[in-house]
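Beneath this line is the structure, given in structure tokens, with notes to follow.
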Protein chains: 2
Amino acid sequence: MFELDFRSRKPIYEQICDKIKELIALGDLKTGEQLPAVRALAKEIGINHNTIQKAFAQLEREGVIISITGKGSFVSGDADHKAVFRQGALEEIARVIEKNLIYHITLEEVIETAAEVYRKSSEGQEGK
Amino acid sequence: MFELDFRSRKPIYEQICDKIKELIALGDLKTGEQLPAVRALAKEIGINHNTIQKAFAQLEREGVIISITGKGSFVSGDADHKAVFRQGALEEIARVIEKNLIYHITLEEVIETAAEVYRKSSEGQEGK
DNA sequence: GTAACTGTACCAACTGAAATAGTACAATTT
DNA sequence: AAATTGTACTATTTCAGTTGGTACAGTTAC
């Protein structure tokens with residue numbers, strides 16, 4: 001269920017947050033669906049349960065999941081997750097472009113770069 | 001000369017690397033020009049000289065500057081820094097777009113996002 | 001030549017965030 | 001009742017980043 005990079009600068013608990021959001025965005029985790037138990041997931045990944053707990057607490061703060069003592073953790077249902085994640089993705093892209101404006105890249109170059117990404121992406125998925 | 005974020009997740013020495021590259025990209029530091037001395041810059045910013053040293057060592061590894069014991073550190077002259085930095089900027093943008101493809105954003109959305117960034121940017125510089 | 005400046009190289013110590021380990025408790029399910 | 005759930009708390013470890021201090025080699029200026 002998870003592939004983590006233990007050497008990354010990004011903390012494990014944040015990587016877990018990202019992965020969960022990813023699964024939701026992909027539809028692999030649907031609204032209301034139950035997530036793996038804290039301890040079970042920790043054992044599966046091979047990390048401490050406190051780290052999972054930290055990730056889940058974060059996700060709950062963000063409104064992505066809802067955790068109930070004794071029952072479990074579930075994908076929150078009060079928001080269109082996909083739309084929110086898409087918005088967040090676009091905002092991240094905007095931030096990176098903005099940060100790199102100092103290098104005087106043009107809008108045309110950015111568009112060409114983006115188009116190239118999509119070109120390569122569709123190549124890798126032909127016939128899918 | 002520098003504005004650093006001491007609360008950032010990004011280490012200070014990396015922020016310094018970025019700033020130096022930025023100054024070169026902006027033309028404020030030209031090829032062959034001498035950089036501030038390690039200790040002087042450390043004192044000015046208010047950090048330890050070892051941190052500056054770490055940043056300069058990194059920049060030399062990247063070929064951005066050349067340091068000579070006894071003389072000082074200078075902007076390297078064997079490359080077109082601006083072109084290199086622009087290329088790096090575009091690559092970073094490409095990476096972020098690629099990473100966010102999982103959220104099924106479209107090329108049109110990315111282009112619109114980029115255009116918006118440039119629109120806001122030019123607004124803030126009218127008459128410049 | 002020597003004093004003052006350069007970059008460089010150590011090393012010991014501190015700091016803070018992240019992660020671990022272990023235990024405990026409350027709520028729910030079976 | 002037993003097992004499972006999320007949650008809480010403390011102590012400990014780990015590691016990168018940073019600091020502080022010292023030392024040395026090469027260059028510049030007097």
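Treat the numbers as computed from the prediction; the structure is a model and nothing was measured. Naming convention: chains lettered A, B, ... in sequence-line order (proteins, then strands); numbering from 1 in each chain.
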(request) Would you kindly give the CZ-to-C1' distance between B:Arg7 and D:dT18, to the nearest whole Å? (result) 16 Å

(request) Specify the separation, in whole Å, of atom CD of B:Gln34 and atom P of C:dC5. (result) 14 Å

(message) Whether B:Lys120 and A:Glu98 form a salt bridge (side-chain N of Lys/Arg under 4.0 Å from carboxylate O of Asp/Glu) is what I want to check.
(response) no

(message) Strictly below 4.0 Å, N to O, side chains only: are B:Glu14 and B:Arg9 in salt-bridge contact?
(response) no

(request) Using atom CD1 of A:Ile12 as one end and atom C1' of D:dT14 as the other, report the distance to the nearest whole Å. (result) 12 Å

(request) Send over the distance from B:Arg39 CZ to D:dG20 C1', rounded to a whole Å. (result) 13 Å

(request) Using whole Å, report how far NZ of B:Lys71 lies from P of D:dT27. (result) 8 Å

(request) Give A:Glu60 one of three labels, base, sugar-phosphate or nothing, depending on what nucleic acid heavy atoms sit under 4.0 Å from its own. (result) sugar-phosphate

(message) From CD of A:Gln58 over to P of C:dA18, roughly how many Å is that when rounded to an integer?
(response) 10 Å

(message) Check this one for me: any side-chain N or O of B:Tyr13 less than 4.0 Å away from OP1 or OP2 of D:dG17?
(response) yes

(request) Identify, residue by residue, the members of residues 45-56 of chain A with a heavy atom below 4.0 Å from DNA chain C, and return them in order of residue number, or none. (result) A:Ile47, A:Asn48, A:His49, A:Asn50, A:Thr51, A:Lys54

(request) Inspect the contact between A:Asp5 and A:Lys10 and indicate whether a charged nitrogen and a carboxylate oxygen are less than 4.0 angstrom apart. (result) no

(message) Side chain of A:Thr69 only, heavy atoms from C-beta on: which candidate in D:dT18, C:dT6, D:dG6 is closest?
(response) D:dG6

(message) Looking at A:Lys19 and A:Glu3, is any side-chain nitrogen of the basic one under 4.0 Å from a carboxylate oxygen of the acidic one?
(response) no

(message) Could you tell me how far apart B:Ile68 (CD1) and D:dT28 (C1') are, to the nearest whole angstrom?
(response) 13 Å

(request) State plainly whether the residues B:Arg119 and B:Glu116 are in salt-bridge range, i.e. N to O under 4.0 Å. (result) yes

(request) Quick one: closest heavy-atom pair of B:Val38 and B:His49, and the distance? (result) CG1-O, 3.5 Å

(request) Would you kindly give the NZ-to-P distance between B:Lys43 and D:dT18, to the nearest whole Å? (result) 21 Å

(message) Taking only side-chain N and O atoms of A:Arg9, does any of them lie within less than 4.0 angstrom of OP1 or OP2 on C:dA17?
(response) no

(message) Applying a strict under-4.5 Å side-chain criterion to I, L, V, M, F, W and Y, I'd like to know whether A:Ile24 and A:Phe74 cluster together.
(response) no

